[in-house]
Number of protein chains: 2
Amino acid sequence: MSARTTGRRERLRQATLEEIHAAARKLLVEQGSAAVTVNAVAREIGVSGPALYHYYSGHDELVGAVTAGFFRELAGAMEQARDAQAGAPIAERLLAVCRAMRAWAIGHPAEFGWIFASPITPPNLRRDSARHQAALRFEQILLDLTVELWRTRQFPVPDLAGLPESQREQLTAFSDVIGGVLPPEAVHVFLSCWIRLYGLLCMEVLHQLDFVYTDLEPVFEECLRDLAGLLDLDYSRT
Amino acid sequence: MSARTTGRRERLRQATLEEIHAAARKLLVEQGSAAVTVNAVAREIGVSGPALYHYYSGHDELVGAVTAGFFRELAGAMEQARDAQAGAPIAERLLAVCRAMRAWAIGHPAEFGWIFASPITPPNLRRDSARHQAALRFEQILLDLTVELWRTRQFPVPDLAGLPESQREQLTAFSDVIGGVLPPEAVHVFLSCWIRLYGLLCMEVLHQLDFVYTDLEPVFEECLRDLAGLLDLDYSRT
DNA sequence: GAGACCGCTTAGAGGCATTAAACGTAGATA
DNA sequence: TATCTACGTTTAATGCCTCTAAGCGGTCTC
């Protein structure tokens, strides 16, 4: 059957793609970002360098695809944590997802480094890429939980009247982008939380706090407690 | 005079070093991180590639030296802002320094990118480098102001009793490192502020918030207002 | 004035990204 | 079934990069 045989080719191709990703990841983890070269990846899977150009148009696209994979894995870990708490109160699900995010980041620092500071700079980064899609899925997880919280219990929101016009416009615009499931005021709270949570992780993984902290787990938990306070949720330690 | 002639050589060397830094910076700003190669820098200043090895032992050291220069420039901008407000209340000096920090970061995104996420990863980064020295000077500025604030007016501090043992130890250790000018409780507050301030800037410059904000100036001001609240300071807009 | 030294050059090895061209084989097709 | 085709691959080649080695002329020191 032609479908079957075509399927076979396709399967082989997928297998090779997975080999490529695994090799790239191995190089990244073991030898750092700079070691992930087209040639090195090819060597790792036992083919000549140019062979990889049948799978990716070049180094940047390869890196982008691998990074997208990391993003998906991170999002998957967070979703799994969320689903493991399926019946639990929203507070616990939110905390579980945040902790899963950090756990993955700490467990995979090199990969997380690529996620938010990949060697490919913005101009070379297309907005329609798989990488971008994966980023959206990642952001969606905490957004969804926040929306659920908003719908069921709401949470305290600031008065936007005191904010500059431009900021209010941006918050309203984002509220529209997400279909109005959160009003601009709630978007503001969501973003505040996002910034503090993600910002802390960035600093940790980029070693910006090494000068004082060797273990940031308690700091992260403090951050979570603060955020729980902002969202009027019960904070409970693991 | 021998001092004079030796001085001449030294002067020429310094001039060349400055040319190297300027060329590297130009390449970074105009063509991105990857464009800063030893060869390209050499080409830019009109010498052959290997000539640069008389100034730096290799690509990494060159990047480190250039980054240290950026650090010094950033610290200088912050110090200048501080000194411009020499007579003003501490609150205004603190705010001015923070705003100067962001202003420099926004005005020099590529350079700031190297400051906190340089292409040279930690293993290749020696702790005794000029880069590290410059980082210390940078951190010292806000630390000094915080110390002054603590000495003159103090600020609310949390009870450390509720924190995990390991965290208290780390805070105490850092308190010792800085000669006890801040007690562990105050160190905690200082670090909370530092994390929120610097974390926000990192996210901004790494384009992690592009999906919603095109202008983060109001967000930064909100952050400053929060921090002023933490430190029991009057917040005043520019 | 002679020797040491400095800053530079060219030459060269080895690696990487990428393109082009050639080749064999597995699937598709008549 | 025999042939065509397209795919996955290889080798060759270009041009860039890092870095080392060797050589050369001017400059500083004594």
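Residue numbers begin at 1 in each chain, while the letters A, B, ... track the order of the sequences. The basis for the numbers below is simple: all heavy atoms, side chains too, and nothing from hydrogens, waters or symmetry mates.
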(message) Can you measure B/L12 atom CG to C/dG7 atom P for me and round it to whole angstrom units?
(response) 9 Å
(message) So that I know where these two stand, are A/Y213 and B/F174 an aromatic pair - ring centroids less than 6.0 Å apart?
(response) no
(message) Between A/E18 and A/Q14, does the side chain to side chain donor-acceptor pair (under 3.5 Å) criterion hold? Intermediate values first, please.
(response) CA-CA 6 Å; A/E18 275 175 36; A/Q14 289 307 321; over 6 Å; no
(message) Between P on D/dC19 and CG on B/L62, what's the gap in Å once rounded to a whole number?
(response) 10 Å
(request) Side-chain contact test, heavy atoms from C-beta onward, threshold under 4.5 Å: evaluate it for A/V219 versus B/I195 and give yes or no. (result) yes
(message) Whole angstroms only, please: what is the CG-C1' distance between B/L52 and D/dC19?
(response) 12 Å
(message) Using the rule given for side chain to side chain donor-acceptor pair (under 3.5 Å), can you reason through A/Q167 versus B/E222, listing the C-alpha separation, both sets of side-chain angles and the distance that settles it, and then say yes or no?
(response) CA-CA 11 Å; A/Q167 191 178 8; B/E222 274 191 282; 2.7 Å; yes
(message) Using whole Å, what does the distance between atom P of nucleotide C/dT9 and atom CZ of B/R43 come to?
(response) 13 Å
(request) Measure from CZ on B/R13 to C1' on D/dC28 and round the result to the nearest Å. (result) 15 Å
(message) Are A/W194 and A/F138, when compared by the centres of their aromatic rings, separated by less than 6.0 Å?
(response) yes
(message) How many whole angstroms separate atom OH of B/Y56 from atom P of D/dT18?
(response) 15 Å
(request) Starting at atom CZ of A/R11, determine the distance to atom P of D/dG8, rounded to an integer number of angstrom. (result) 14 Å
(message) Quick check on C/dT9: is either OP1 or OP2 less than 4.0 Å from any side-chain nitrogen or oxygen of B/S48?
(response) yes
(message) In this structure, how many angstroms lie between the P atom of D/dC19 and the CD atom of B/E61, rounded?
(response) 10 Å
(request) Please identify each residue that fulfils ring-ring contact (aromatic ring centres under 6.0 Å, His included) with A/F116, with sequence neighbours left out. (result) A/F112
(message) Does the protein touch nucleotides 17-23 of chain C at the base, only the backbone, or not at all? Give it as B, S and - per nucleotide, heavy atoms under 4.0 Å.
(response) BBBB---
